[in-house]
Number of protein chains: 2
Amino acid sequence: MRAEALKGHLDGLLLATLEDGPQHGYAVKEALRDTTGGRLDLPTGTVYPALHRLERAGLIKGSWSVVGGRRRRTYELTEQGRRSLAGARDHWQEFAAVISAALGGGPWPATN
Amino acid sequence: MRAEALKGHLDGLLLATLEDGPQHGYAVKEALRDTTGGRLDLPTGTVYPALHRLERAGLIKGSWSVVGGRRRRTYELTEQGRRSLAGARDHWQEFAAVISAALGGGPWPATN
DNA sequence: TCCCTATAGGTAGGGTCCCTACGTATTGGA
DNA sequence: TCCAATACGTAGGGACCCTACCTATAGGGA
């Protein structure tokens with residue numbers, strides 16, 4: 001996974017991870033790693049600032065708690081975040097179609 | 001097309017455009033616009049610096065000419081550029097699969 | 001007991017890269 | 001005569017992800 005390739009696509013991934021229920025930041029990072037078979041193992045210096053950004057934007061809402069002696073900040077999608085996620089999925093579909101068309105080198109979707 | 005979404009994917013698109021034969025910069029920009037149905041209409045401030053970057057990296061080779069009173073810089077893929085294009089296509093396939101898996105919200109590839 | 005790992009959060013600074021805004025020049029049509 | 005299209009270019013900025021580092025607790029192994 002090239003580093004800069006992710007730019008502009010991270011927010012949607014984080015929102016999608018929170019779609020099925022609230023999670024704390026570290027769990028979001030692990031969930032992304034798991035759902036991608038370990039291919040998207042983001043550093044914490046990427047995940048936490050991104051979550052802060054989403055919260056400032058009103059797409060997620062965070063709240064502190066303490067579990068097992070460790071403090072956690074649990075995030076959940078706001079209504080606005082849910083709409084943004086839907087938009088991110090649409091944009092991704094279009095983006096992927098455009099890039100695949102321009103990149104060529106075989107039909108898209110890949111026939112595998 | 002969100003602006004920052006393209007980051008890290010542009011080089012492959014430019015290389016792909018040059019795959020079927022040499023072209024000058026302005027023609028590359030137009031070809032990209034045409035093959036994507038106008039959805040990827042890059043500003044010249046994006047295309048020219050990117051071509052310069054690719055040439056510095058040895059992936060394309062440019063040469064000046066004059067056609068119809070206008071000077072042109074025509075680019076062609078180098079062997080290294082051809083290999084890089086193949087790599088870019090592989091990376092894109094993996095990247096798209098990873099993002100699609102993490103973004104969810106329906107099967108991938110899109111059923112259209 | 002000590003240390004290391006996993007868990008859980010955080011920030012500062014940097015680098016990449018695409019875009020905006022501008023500039024130069026020629027050709028050709030309105 | 002003027003404007004659009006063609007054709008090239010650069011400077012500066014902003015967005016954003018990563019590297020590197022920091023704090024803290026729980027728990028297992030030596």
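Quick caveat: nothing in here was measured; it's all calculated off a predicted structure. Worth knowing before you read on, the calculation uses all heavy atoms, side chains too, and leaves out hydrogens, waters and symmetry mates. Naming: A, B, ... by sequence-line order, numbering from 1 per chain.
- In this structure, B/L42 places its CG atom 9 Å from C1' of C/dC18, rounding to the nearest Å.
- A salt bridge (Lys or Arg N to Asp or Glu O under 4.0 Å) check over residues 43-53 of chain A, counting only residues at least two apart or in different chains, returns the pairs A/D11-A/R53.
- Summarising the geometry of B/G12 relative to B/A88, their closest heavy-atom pair is CA-CB, 4.0 Å, with the distance given to 0.1 Å.
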Just the table, please: protein N/O against nucleotides 10-14 of chain D N/O, every pair under 3.5 Å.
| residue | atom | partner | partner atom | Å |
| --- | --- | --- | --- | --- |
| D/dT10 | OP2 | B/H52 | ND1 | 3.3 |
| D/dG14 | N2 | B/K7 | NZ | 3.2 |

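- Checking the phosphate oxygens (OP1, OP2) of D/dA15, no side-chain nitrogen or oxygen of A/R53 falls inside 4.0 Å.
- Here the P atom of nucleotide D/dA5 and the CD atom of B/E30 are 10 Å apart, to the nearest Å.
- A donor-acceptor pair is defined here as one N or O able to donate and one able to accept, closer than 3.5 Å; no such pair exists between the side chain of A/S84 and the backbone of A/Q80.
- Rounded to an integer number of Å, the gap from A/Y75 OH to C/dA8 P is 14 Å.
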Show which side-chain atoms of residues 14-28 of chain A pair as donor or acceptor with protein atoms under 3.5 Å away, not counting sequence neighbours.
| residue | atom | partner | partner atom | Å |
| --- | --- | --- | --- | --- |
| A/T17 | OG1 | A/L13 | O | 2.8 |
| A/E19 | OE1 | A/R89 | NH2 | 2.9 |
| A/E19 | OE2 | A/R89 | NH1 | 3.1 |

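- Computed from coordinates, the B/H9 NE2 to D/dC16 P distance equals 14 Å when rounded to whole Å.
- C/dG9 atom P lies 12 Å from atom CD of A/E55, rounded to whole Å.
- Look at CG on A/D41: it is 16 Å from P on D/dC17, rounded to the nearest Å.
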All N/O donor-acceptor pairs, side-chain side in residues 57-77 of chain A, below 3.5 Å, sequence neighbours left out:
| residue | atom | partner | partner atom | Å |
| --- | --- | --- | --- | --- |
| A/R73 | NH2 | A/E55 | OE2 | 2.9 |
| A/R73 | NH2 | A/G62 | O | 3.3 |

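- For DNA chain D, the neighbouring residues in residues 64-71 of chain A, judged by any heavy atom under 4.0 Å, are A/G68, A/G69, A/R70.
- The phosphate of D/dT6 (OP1 or OP2) has no side-chain N or O of B/R72 nearer than 4.0 angstrom.
- Between B/D11 atom CG and C/dC17 atom C1' the separation is 9 Å, expressed in whole Å.
- B/T36 approaches B/L32 most closely through the heavy-atom pair OG1-O, 2.8 Å.
- The salt bridge (charged side-chain N to carboxylate O under 4.0 Å, His left out) test applied to B/R33 returns B/E30, not counting sequence neighbours.
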Review point. Checking side-chain contact (heavy atoms from CB on, under 4.5 Å) for the pair A/L42/A/L6: CA distance, chi angles, key distance, verdict?
Key: CA-CA 10 Å; A/L42 299 173; A/L6 194 58; 3.6 Å; yes
Practice item. Would you sort out whether B/L85 and A/L103 count as a side-chain contact (heavy atoms from CB on, under 4.5 Å), showing the intermediate values? Key: CA-CA 9 Å; B/L85 173 56; A/L103 198 53; 4.3 Å; yes
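- For residues 16-26 of chain B, proximity to DNA chain D is found at B/H24, B/G25, B/Y26, defined as any non-hydrogen atom under 4.0 angstrom from a strand atom.
- The side-chain hydrogen bond (donor to acceptor under 3.5 Å, both in side chains) check on B/D41 picks up B/K29, with sequence neighbours excluded.
- Atom CG in A/L6 sits about 14 Å away from atom P in C/dC17, given to the nearest Å.
- Applying the side-chain hydrogen bond (donor to acceptor under 3.5 Å, both in side chains) test to A/D34 and every residue at least two apart in sequence or in another chain returns nothing.
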